[in-house]
Engineer: 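Just passing along the structure, written as structure tokens.
Order of the sequence lines fixes the chain letters, A, B, ..., with proteins taken first and strands second; residue numbering starts at 1 for each chain.
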Amino acid sequence: MSETTPASGAAETATEPFRYSAALAAEIESRWQDLWEKEGTFHAPNPTGALADPSAGDVAAKPHSFIMDMFPYPSGAGLHVGHPLGYIATDVFARYQRMTGHNVLHTLGYDAFGLPAEQYAVQTGTHPRVSTEANIANMRQQLRRLGLGHDPRRSISTIDPEYYRWTQWIFLQIFDSWYDETARKARPIAELVAQFASGSRELPGGRDWASLSGAEREDVLGEYRLAYAKEVPVNWCPGLGTVLANEEVTADGRSERGNFPVFKSNLRQWMMRITAYSDRLIEDLELLDWPEAIKLQQRNWIGRSEGARVDFAAPGDRKITVFTTRPDTLFGATYMVLAPEHGLVDEIVPAAWPEGVPAEWTGGADTPAEAVAAYRAAAAAKSDVERQVDAKVKTGVFTGAYAVNPVSGAAVPVFIADYVLMGYGTGAIMAVPAHDHRDFAFARAFALPMRCVVEPTDGRGEDPAAWDDAFDTYDSVIVNSARSEGDLSLDGLSVVDAKAHVTAWLAERGIGEGTVNYRLRDWLFSRQRYWGEPFPIVYDEDGVMHALPESMLPVEVPEVDDYSPRTYDAYDSASSPETPLSRNEDWVNVELDLGDGPKKYRRETNTMPNWAGSCWYELRYVDPSNSSAVVDPANEKYWLGPTETKPAGGADLYVGGAEHAVLHLLYARFWHKVLHDLGHVSSVEPFHKLFNQGMITADVYRDERGFPVPAAEVEERDGQYSWQGEPVKREAGKMGKSLKNAVAPDDIADEYGADTLRLYEMSMGPLDVSRPWDTRAVVGSYRFLQRLWRNVVSETTGELVVTEETPDEATLRALHKAIDGIRGDMAGLRFNTAVAKAIELNNYLVKRGSTPRPVAEQLVLMVAPLAPHIAEELWRRLGHGESLAHTDYPVADPAYVVDETVTCVVQIKGKVKARLEVAPGISDAELEALALADPAVVAAIGGAEVRKVIARAPKLVNIVTG
RNA sequence: GCGGCCUUGGCGGAGCUGGCGAGACGCGCCGGACUUAGGAUCCGGUGGGGGAAACCCCGUGAGGGUUCGAAUCCCUCAGGCCGCACCA
């Protein structure tokens, strides 16, 4: 790339000094970028506050368009051409919206806390703040060159104390609230306290609020708060030295970042009660304009399933509670399984095996306790990869205990097995081998009885012993289900009816109830990191937790000597985390006056996860410098509030990669809903329309050992690829430094200009599809801009070459069809076809030989969102004093969009036999008559019988002959 | 295994709710112009097969179906991509 000669050679500038060359593009681009910045061209006025603009008139009455990108991590690696794809797309759309009468809010902030920034800092030996800020500056520089029309006043950074004071403030809002199941919303915790104090709500355990100590009260409230600290089994990653959210752990039990092993460990951690919002997070997806695939992923992630809890009587008056989605098959439950970690296991294990236990149930152990211990040890030793491989082979061991099936009264053996997960439902199942394929496999392996209770509809018969697998189809009826005493029978009921019937029967007896279970877990919200937001929480000398008052925010990230995490051997599961902040005793131990005089406190030393800053940035974009509120209600209502087309409110467009389908997007929705419930925002959702842009991929070339070689240095001959004389293999892949195929936007801009780069990226294909980068093809976009330039400006004299003639009919038709098409494409984010239509019109003008001024002006305005610098330059040369950024986008005249005559095709049995020039408004009957009278048609029909004539005015007549 | 998506020229891709001649636009390739030269730029051509030509035949992963008419709708299969993964 950098070795090729720039397109602007000395020879051509001598004869054509005004040709649109890379050098000229560079000059134009930096000049306009400076001008935009100086004049604040992309400043979006707010209805009120610091960013209000009295000269902008009644802002609240003007239509708005809030366009967001998923903001970037300021990595030190530098950008490749894939990174700005989305930013260019939103910029094109934002510029289009601005030219169609919208007050456009478009900016870009930086998500700068978190692991990569910290790791980068540790690697380079610089403080995270220093390296992060340098990275931000570098990225701003690279992005500025692209001419993105951002409002720079709104470019927040999550590491700015003035930003994260509000992150901490929101944390406190969440901390100080609880979820009222009846009202289905979050409410201030004070209202719960009032209910407890007045007795209108009973305390758990029937205690009296007034008699509780501060610590006891806090324990109670901790069960309600939407943010709470609790000892929970968490994902501890010794290699990273931190705990991780479930969402940050891969399916094979490793950290998403760094790929270190992750272990389950009980630790006191901060949690967010996102599960309280499960149903609302599912329901409100209906109100959003999001890709169905993403909605589906969120629904699956939340994993709502309706079913029932059922109690099975266990030895010693204990009960084992299971969750099942198939209470209708309760009569078929012939054994039970507990997760190996289940707390009840040790309680029910008898001293000795019962009489006549089959040898394969005991695992060869002398006593149940030994069997259980051995199985647990084996399960723990198994790597997750082994677990996956073994998924089909069911393992487990008998506990020696029996429970009682509540509907059949039968004694059922209780097993432990790792196919039952502690983290889902109650960690215990009733096993119905005849109607669940996992239970079937286990029952086969352990020779357990099976009972068919759902009538097979596929002719396999009712004896499970003869089956290959469970019968788990729903659309059938229940059979074989009478209780011996005869007081419950489901026979003949449909699966659906049987579920309701048996659930009611259980509920009457107090041994079960209908319930809803979710896959979603509460969100682990603390990390043992330096580079994150500190919690605004302190502990008094009794260890009681206190929230800091708003006046003490922000709690700034303290300076420490050693900010690196305490990491361990990646496999040292017995290690435990040490928070970097705890090393700074001066910071940890403070004397504060929290309203009852100065006292000594210890600060919370965990930090928030990197998601925190991105959970609410849409709000801060709206009102970035507000120091008295997270966002002014008037500004929030204007930019984000619900409207007829946005029932839940939210930003009008949010563009980013699909990799954030569940994590970021679910967390941000959750925070936004809490803030809505507490009355801070009018919108219910943060992002109304979501658009996932595709990736830019690139060929990867590997040598014989499989190592990537620099793609830019690979040579091709007759379909064979080589690097430094050695043959290499080509494959499709992502673009990136490690694959040695990254192409830097700066290099493309150097060679052709930023407008060419923007145009090329937009013309590569549909925005939501991944497509391969092809540096050779960039020149096509460059040539288009050169032709456009040449249609307006003489390459030799620099004078305007547009003509002052009145455009002819055909040219006007070409123009207005282009306007009509491009407008539709722009509004629908179909920039690739918008570019094609602009090129088509430009090519038409080239062929025409001259460009009438009005056509040139309209074309320049149409191209402006895509290639803003050259458009501004041509606009100015065409004699306009103002930037075109706020000029009205061309509007098509319908009279020129519809042709005066349309070519109608006459088909005979689907083959074209004649063409007619007809008026667009012609009726079917007229058209049919015209077609049948046409000599060519008459000839083609010959003497054949006309069986049917299909007329679709004005474009087609199809004649079916017999 | 479950769920979702995709498959059009040498390549990236057009083709709106089934309605003409598929393949817009760009790259590449072929030919020409300008040039000491050009990988710069400009002009023309470019799905496959046949024909001197007008023109004809075949073509949207494979097979089948619905329809007057299918790249577009339905079924089966093949290949590819993504998500979840023993979720009871």
Engineer: Tell me what Lys847(A) touches on the nucleic acid: a base, only sugar-phosphate, or nothing, going by heavy atoms under 4.0 Å.
Structural biologist: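 It contacts sugar-phosphate atoms only.
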Engineer: What does Val846(A) touch in the nucleic acid at a heavy-atom separation under 4.0 angstrom: a base, only the sugar-phosphate, or nothing?
Structural biologist: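 Result for Val846(A) = sugar-phosphate.
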Engineer: Kindly indicate whether the side chain of Lys394(A) and the base of C86(B) share any N or O donor-acceptor pair separated by less than 3.5 Å?
Structural biologist: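 It does, because a donor-acceptor pair links the side chain of Lys394(A) to the base of C86(B) below 3.5 Å.
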Engineer: I'd like to know if the side chain of Thr395(A) pairs up with that of Tyr375(A) as donor and acceptor (distance under 3.5 Å, no hydrogens or angles considered).
Structural biologist: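 On atom types as modelled, these side chains qualify, holding a pair under 3.5 Å.
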Engineer: Taking the six-membered ring for Trp and the full ring for Phe, Tyr or His, determine whether the centres of Phe446(A) and Tyr335(A) are under 6.0 Å apart.
Structural biologist: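 No.
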Engineer: Identify whether any heavy atom of Arg299(A) sits under 4.0 Å from a base atom; if not, whether one sits that close to sugar-phosphate; answer base, sugar-phosphate or nothing.
Structural biologist: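 Here Arg299(A) touches no strand at all.
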Engineer: Are any of Arg787(A)'s side-chain N or O atoms less than 4.0 Å away from OP1 or OP2 of G26(B)?
Structural biologist: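 Checking Arg787(A) against G26(B): at least one side-chain N or O falls below 4.0 Å of OP1 or OP2.
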Engineer: Taking C86(B) as the reference, what is the distance to C74(B) when you measure between their C1' atoms (whole Å, please)?
Structural biologist: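 Approximately 35 Å lies between the C1' atom of C74(B) and that of C86(B).
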Engineer: Under 4.0 angstrom, heavy atoms only, what part of the nucleic acid is Asn843(A) near: base, sugar-phosphate, or nothing?
Structural biologist: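 Here Asn843(A) touches the backbone only, sparing every base.
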Engineer: Heavy atoms only, 4.0 Å cut-off, all strands: where does Ser770(A) land among base, sugar-phosphate and nothing?
Structural biologist: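 Since only primed, P, OP1 and OP2 atoms lie under 4.0 Å of Ser770(A), the category is sugar-phosphate.
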Engineer: In terms of relative ring orientation, are Phe440(A) and Trp467(A) parallel, tilted or perpendicular, with 30° and 60° separating the classes?
Structural biologist: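 The arrangement is parallel - the two ring planes meet at less than 30°.
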Engineer: For atom P, what is the distance between C73(B) and U60(B), given to the nearest Å?
Structural biologist: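 15 Å, rounded to whole Å.
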Engineer: Are Glu840(A) and Lys837(A) within salt-bridge range, i.e. N to O under 4.0 Å?
Structural biologist: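 Salt bridge: no.
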Engineer: Which label fits G59(B), syn or anti, where anti is any glycosidic angle not within 90° of 0?
Structural biologist: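 The base of G59(B) is oriented anti (glycosidic angle more than 90° from 0).
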Engineer: By nearest atom, which of the nucleotides G4(B), U41(B), C68(B) is closest to the Asn958(A) side chain?
Structural biologist: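 From the listed options, C68(B) comes nearest.
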Engineer: Quantified in whole Å, what is the P atom distance between nucleotide G4(B) and nucleotide C16(B)?
Structural biologist: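 Those two atoms are separated by 25 Å.
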Engineer: Within the 4.0 Å heavy-atom criterion, would you say Leu296(A) contacts the bases, only the backbone, or no part of the nucleic acid?
Structural biologist: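 It contacts sugar-phosphate atoms only.
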Engineer: Of the nucleotides A88(B), G4(B), G13(B), which one has an atom closest to the side chain of Arg771(A)?
Structural biologist: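 Looking only at side-chain atoms, Arg771(A) lies closest to G13(B).
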Engineer: Please work out if Val420(A) contacts a base, only the sugar-phosphate, or nothing of the nucleic acid, heavy-atom cut-off 4.0 Å.
Structural biologist: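 If one applies the 4.0 Å heavy-atom cut-off, Val420(A) turns out to touch a base.
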Engineer: Side chains of Arg758(A) and Thr756(A) only: does a donor on one sit below 3.5 Å from an acceptor on the other?
Structural biologist: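 No.
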Engineer: If you look at every strand shown and take non-hydrogen atoms under 4.0 Å, does Asn832(A) touch a base, only sugar-phosphate, or nothing?
Structural biologist: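 Here Asn832(A) touches the backbone only, sparing every base.
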Engineer: What is the separation between atom CG on Asp825(A) and atom C1' on C16(B), rounded to the nearest whole Å?
Structural biologist: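 The distance from CG of Asp825(A) to C1' of C16(B) comes to 10 Å, rounded to the nearest Å.
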Engineer: Would you say the rings of Tyr760(A) and Trp773(A) are close, in the sense that their centroids are separated by under 6.0 Å?
Structural biologist: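 Here the rings of Tyr760(A) and Trp773(A) have centres that are less than 6.0 Å from each other.
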Engineer: Just to be sure I understand the rule, does Ala836(A) reach a base, reach only the sugar-phosphate, or reach nothing, if contact means heavy atoms closer than 4.0 Å?
Structural biologist: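 It contacts base atoms.
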Engineer: Measuring from the side chain of Gln297(A) (C-beta onward, heavy atoms only), which nucleotide among C42(B), C84(B), G83(B) has the closest atom?
Structural biologist: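 Selected nucleotide (nearest to the side chain): G83(B).
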Engineer: Considering only atom P, compute the distance from G79(B) to G45(B) and round it to an integer number of Å.
Structural biologist: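 Nearest-Å result for G79(B) against G45(B) at atom P: 42 Å.
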Engineer: Are Asp436(A) and Arg326(A) within salt-bridge range, i.e. N to O under 4.0 Å?
Structural biologist: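 No, no charged N to carboxylate O under 4.0 Å.
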Engineer: When the distance from CD1 of Ile294(A) to C1' of G4(B) is rounded to whole Å, what number comes out?
Structural biologist: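 Distance check: Ile294(A) CD1 to G4(B) C1' gives 11 Å.
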Engineer: Under 4.0 Å, heavy atoms only, any strand: does Ser763(A) hit a base, just the sugar-phosphate, or nothing?
Structural biologist: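 No contact.
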Engineer: For Arg790(A), report the nucleic acid contact type (base, sugar-phosphate, nothing); a contact means any heavy atom under 4.0 Å.
Structural biologist: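 Answer is sugar-phosphate: Arg790(A) comes under 4.0 Å of backbone atoms only.
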Engineer: What integer number of Å spans the P atoms of G21(B) and A78(B)?
Structural biologist: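 After rounding to an integer number of Å, I get 32 Å for this pair.
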Engineer: Just compare A14(B), C42(B), G19(B) and give me whichever is closest to any side-chain atom of Ile950(A).
Structural biologist: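 Out of A14(B), C42(B), G19(B), the nucleotide with an atom closest to Ile950(A)'s side chain is G19(B).
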Engineer: Given A88(B), A24(B), G28(B), which nucleotide is nearest the side-chain atoms of Arg776(A)?
Structural biologist: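 In terms of side-chain proximity for Arg776(A), the closest of A88(B), A24(B), G28(B) is G28(B).
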Engineer: Is Arg783(A) near enough to U41(B) that one of its side-chain N or O atoms lies under 4.0 angstrom from OP1 or OP2?
Structural biologist: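 Checking Arg783(A) against U41(B): at least one side-chain N or O falls below 4.0 Å of OP1 or OP2.
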